[in-house]
Amino acid sequence: MTTYIAPLRDMHFVMQELAGVEQIAALPGYEDATSKLAEAVLEGAAKLAGEVLGPLNEIGDQRGASLGNHGVATAEGFGAAYRQFVADGWNGLSGDPEYGGQGLPGLIDAAAVEMWNSANMAFALCPLLTAGAAAALEQHGAPELKGRYLRKLVTGEWTGTMNLTEPQAGSDLSAVRTQAIPEGDRYRIHGQKIFITWGDHDMAENVIHLVLARTPDAPEGVRGISLFLVPKFLVNADGSSGERNDVRCVSIEHKLGIHASPTCVMSFGDERGAIGYLVGQENKGLAHMFTMMNEARQKVGLQGLAIAERAYQAARDYAKERVQGRPIAQKSGDRVTIIHHPDVRRMLLTMKSQIEAMRAFAYVLAADIDFAHKHPDDVVRQRHQARVDLLIPVLKGWCTELGVEIASLGIQVHGGMGFIEETGASQYLRDARIAPIYEGTTGIQAADLVGRKLSAAGGAAMAALIDEMRSVEVQLAARVPDLTSVRAALRNGLHALEQATQWMSETLAKDPDASLAASVNYLMLTGYVCGSWQMARAALAARARLLSVEDTRFYLAKIATAVFYAEQIMPKAIALLDVVRSGASTALMLSEECF
């Protein structure tokens, strides 16, 4: 199995040239987060990923988690790794210093999250969810609740979970049945939740569940859902762990991938009722939970990027080592490694170019989140928040779908050995497959994009995005006439996105089914064009750097990869315009009996 080595050179390039780490360091509260500090933090995160988390990836896949009389036991080495992770301060990297966090920008955190998920996606899911739980509690929790629980969530001493799904509800949260019975200043929770990632484990002394439930007089549907904090162990007044709460993992799922991450069926209140505390307001739970969910969706998008990078590294290394055949043009002589074969080069560049586009898109959006949180001008904050709201569904959907495609292509590069577990290539595909599903499927992300985000403020966010992309196309025309294919791809992509957006806006009002049937293709089209935009910016930055550096190999490769993306990836994306405009096409013409 390939050892994970973080792609720090490309990460630094994207943060510096595209995401504007120095501009973020000028924001209030981020003054110390210079590019020099970012480099140092990323080097430490890379060391943790490569030396601690990466070696546990195969162990976790083979042994998984297990449920016994004392709860869920994690795979060998995971507990020690997690305790090191917490002791070194990594869990609170971007957390509020008031609660024990490091207070660094989300951009730096995003790069670290990518590395940890590349090294060991199953492990990294645990702090991912804890960060979301901390964000929801910080934004919506009462002062007493935050004082008792938030610091240990931010530091990672305790871990957090998200409890939404129930056996009868699935993604339809209006069908949630878990009950919350008032009892003074607390509630008794009764119900069952399924698919709860890291719902129980032995890595930390307490697990803090955020649970959606209904009070007895709550209205029907999503308007009657409230959010509750339910600890595994009750917390004493002095902050120490007290008696065991009435909440337990009753089974763990046997899954396609992420075996080391326990996916639990959680039972609340089998005996006297699990004690829980209201977070925010009654009947506003779904809105409060979306704080956690949006945090998770951003980081699951990063997972798609991360697992694609790991699959690419494995495929690239194998292609450089595997000797087989001779190039067609070479009829005699020594056999060569398969990276010399044109089709293998095509596959590797298909992987590499899309990964670089995904990374640039994800990091730039992380920077938008930082600006939305910290910029002193309210108008600027709102503009960046509108961009974030529009593109989070695209990040989550596009990057995770590509993560699956790229992991699958990695197996193809390996050939028959990719189908054999010992190479590790198949694990990356198995692990990647969950990312387009949890935290809202790609269909749900697409419905959110076209049904809510696209029409907000009369479509202003998408219009502003297209205008900003077009300015890059103008820069290409004025400054770099030899990057004609990069400019043409961006120009054609923008035309396709404009046309698809107009069709979507016009069709949504008169034929919602047609819009929803086309929504995933629209989301993917948007993602590819955002990728083209960032690859064009990368090519411009690399061309400028070539004039002042001695080591030109990296920058020439950036330009070549941008050209490949323009010529080999974007034509497929642009073709999605016709697919989008076909709407429902025959999908809704067939009766149910015809399937």
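Remember, predicted model here, so these are calculated numbers, not experimental data.
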Flag the pair [X] and [Y] as a salt bridge only when some basic side-chain nitrogen lies within less than 4.0 angstrom of an acidic carboxylate oxygen.
X	Y	answer
K558	E356	yes
K47	E43	no
R297	E439	no
K352	E309	no
R151	E157	no
E138	K146	no
D448	R452	yes

For this session: Start with the C-alpha distance between D378 and Q382, add both sets of side-chain angles, then the distance that settles side-chain hydrogen bond (donor to acceptor under 3.5 Å, both in side chains), and finish with yes or no.
Result: CA-CA 6 Å; D378 184 59; Q382 290 179 12; 2.7 Å; yes

Taking atom types as modelled, is there a side-chain donor on [X] or [Y] under 3.5 Å from an acceptor on the other?
X	Y	answer
T442	E401	yes
Q385	D389	yes
Q502	E506	yes
Y4	E51	no
W198	S261	yes
N163	T161	yes

If every non-hydrogen atom of [X] is compared with every non-hydrogen atom of [Y], which pair is closest and at what distance?
X	Y	answer
S226	N283	OG-N, 2.7 Å
Q16	S35	OE1-CB, 3.1 Å
G160	A133	CA-CB, 4.0 Å
A447	L516	CB-CD2, 3.9 Å
A33	A25	O-CB, 3.3 Å
F85	P127	CE2-CB, 3.7 Å

Treating [X] as the side-chain partner and [Y] as the backbone partner, does any N or O pair qualify as donor plus acceptor under 3.5 Å?
X	Y	value
S118	M115	no
E31	G29	yes
N91	V154	yes
Q102	G95	no
D370	G106	yes
E114	Q303	no
H288	Q281	yes
T507	M504	no
S94	G103	no
W90	A112	no

For this session: List the steps, then state whether side-chain contact (heavy atoms from CB on, under 4.5 Å) holds for V486 with M535.
Result: CA-CA 8 Å; V486 176; M535 293 298 273; 6.0 Å; no

Problem set entry | Passing candidate, salt bridge (charged side-chain N to carboxylate O under 4.0 Å, His left out) with E17, options R543, R537, R545 |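 Of the listed residues R543, R537, R545, the salt bridge (charged side-chain N to carboxylate O under 4.0 Å, His left out) partner of E17 is R545.
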
Could you state the interatomic distance from [atom1] ([X]) to [atom2] ([Y]), rounded to the nearest 0.5 Å?
X	Y	atom1	atom2	value
M289	L212	CE	CG	4.0 Å
L395	M358	CG	CE	8.5 Å
L523	L454	CG	CG	11.0 Å
L210	L129	CG	CG	10.0 Å
T350	I355	OG1	CD1	10.5 Å
T400	Y438	OG1	OH	9.5 Å

Exercise. For D109 and K299, what are the C-alpha separation, side-chain angles and deciding distance, and is it a salt bridge (charged side-chain N to carboxylate O under 4.0 Å, His left out)?
Worked result: CA-CA 10 Å; D109 186 61; K299 289 182 175 175; 3.5 Å; yes

Exercise. Does atom CG of D32 have more than 12 heavy-atom neighbours from other groups under 6.0 Å away?
Worked result: no

Problem set entry | Greater than 12 external heavy atoms within 6.0 Å of F564's CZ | yes

Quick check: do [X] and [Y] have side-chain heavy atoms less than 4.5 Å from each other?
X	Y	result
L153	T130	yes
Q568	L349	no
V380	R383	yes
T501	T526	no
R310	D431	no
P393	K453	yes
I307	I406	no
L107	M15	yes

For this session: Carefully, step by step, assess L227 and H140 under the rule side-chain contact (heavy atoms from CB on, under 4.5 Å).
Result: CA-CA 10 Å; L227 181 62; H140 304 293; 5.8 Å; no

Exercise. Taking the inter-plane angle between the rings of H384 and F371 on a 0 to 90° scale, is it parallel (under 30°), tilted (30 to 60°) or perpendicular (over 60°)?
Worked result: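 Parallel, since the angle between the ring planes stays under 30°.
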
Exercise. Has K572 got its NZ or CZ under 6.0 Å from the middle of the six-membered ring of Y528, at an angle within 45 degrees of the ring axis?
Worked result: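 Judged by the rule, K572 and Y528 form no cation-pi pair.
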
Problem set entry | Ring-face cation contact, Y555 with R9, 6.0 Å cut, 45° max | yes

Problem set entry | Ring-ring centroid check Y522 W503, cutoff 6.0 Å | no

For this session: Would you please test F361 and W533 for ring pair (Phe, Tyr, Trp, His ring centres under 6.0 Å) and show each step?
Result: CA-CA 9 Å; F361 175 50; W533 166 44; 7.6 Å; no

Exercise. Should V580 and S519 be marked as a side-chain contact (heavy atoms from CB on, under 4.5 Å) after you check the CA-CA gap, both sets of side-chain angles, and the distance that decides it?
Worked result: CA-CA 7 Å; V580 169; S519 62; over 6 Å; no

For this session: Decide side-chain contact (heavy atoms from CB on, under 4.5 Å) for Y277 and F228; before the verdict, give the C-alpha distance in whole Å, the side-chain angles of both, and the deciding distance to 0.1 Å.
Result: CA-CA 5 Å; Y277 305 91; F228 300 89; over 6 Å; no

